[in-house]
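Right, one structure below, let's go through it.
Positions are given from 1 along the sequence.
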Amino acid sequence: MEYLGITITADSTSKEIVPIAKAIHELLGLPITMRTLNKLGVRIEKGKVLDYEYTGPILEKSLETNSTIKSIPKTGDYSGIPVAVTTIKNEDGYGIAAIGIVDVVGTVDLGVAFGDYPEIVNQVSDILKSRVSTP
């Protein structure tokens, strides 16, 4: 059996990037979004690709700035939910794709979940605040 590799370029299609996005989704168990610089991408939740023509405001901003962004989008499918997006860079350092995780865990009401453990609520709240910035 011959095993073929996976190559990502700025022009890779959503179908070509699915294996990478799905692997990260399976590893983290969180919703994943991914697109390449010149093509729309994918949105994956609960083990299924929900969209093969996906983009989002933070994916686009990450590609524009070639940087990692942790933010709460004001528009799009994940409006109001913390996301973290980073670029996949080529050997010259240019961002050719962006991949993001949707931090649905960050939307849990910590006060309700850990009401009996106030010190945990404070620690987790401080960590989350330090990781997320609003554009």
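Rounded to the nearest 0.5 Å, atoms OG1 (Thr36) and CD1 (Ile96) are 8.5 Å apart. Here NZ of Lys61 is found 14.0 Å from OG1 of Thr87. Values are rounded to the nearest 0.5 Å. Leu59 CG to Thr33 OG1: the interatomic distance, rounded to the nearest 0.5 Å, is 4.0 Å. Atoms CD1 and CD1, from Ile17 and Ile6 in turn, are 11.0 Å apart once rounded to the nearest 0.5 Å. Here the straight-line distance linking atom OG1 of Thr86 with atom CG of Asn66 works out to 8.5 Å at 0.5 Å rounding. From Ile88, atom CD1 reaches atom OG of Ser12 across 9.5 Å, with rounding to the nearest 0.5 Å.
For Ser79 (side chain) and Lys74 (main-chain N/O), a donor-acceptor pair under 3.5 Å exists by modelled atom type. With hydrogens and angles disregarded, a donor-acceptor distance shorter than 3.5 Å links the side chain of Ser62 to the backbone of Ser67. In this structure a side-chain-to-backbone donor-acceptor pair under 3.5 Å is present from Asn90 to Asp92. Here the side chain of Asp103 pairs no donor or acceptor atom with the backbone of Ala84 at under 3.5 angstrom.
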Tabulate below the donor-acceptor pairs under 3.5 Å that side-chain atoms of residues 47-58 make, not counting sequence neighbours, or state none.
| unit_1 | atom_1 | unit_2 | atom_2 | d |
| --- | --- | --- | --- | --- |
| Asp51 | OD1 | Glu53 | N | 2.7 |
| Thr55 | OG1 | Arg35 | NH1 | 2.9 |
| Thr55 | OG1 | Glu60 | OE2 | 3.0 |

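By the 4.5 Å side-chain criterion applied to Ile, Leu, Val, Met, Phe, Trp and Tyr, Leu37 is assigned to a cluster that also includes Leu63.
Ile20 and Leu40 fall into different hydrophobic clusters, where Ile, Leu, Val, Met, Phe, Trp and Tyr side chains are chained together by heavy-atom contacts under 4.5 Å.
Under the 4.5 Å side-chain criterion, counting only non-hydrogen atoms from C-beta, Met34 is in contact with Ile8. Residues Ile99 and Ile32 meet the side-chain proximity criterion, which asks for heavy atoms closer than 4.5 Å.
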Exercise for review: Could you give me the CA-CA distance, side-chain angles and deciding distance for Leu30 and Val102, then say whether side chain to side chain contact (heavy atoms under 4.5 Å, CB included) is met?
Suggested key: CA-CA 6 Å; Leu30 295 170; Val102 180; 5.8 Å; no
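The salt bridge (Lys or Arg N to Asp or Glu O under 4.0 Å) analysis of residues 77-91, with sequence neighbours excluded, yields the pairs Arg43-Asp77.
The two residues Pro31 and Glu45 make their nearest non-hydrogen contact at CB-CG, 3.7 Å.
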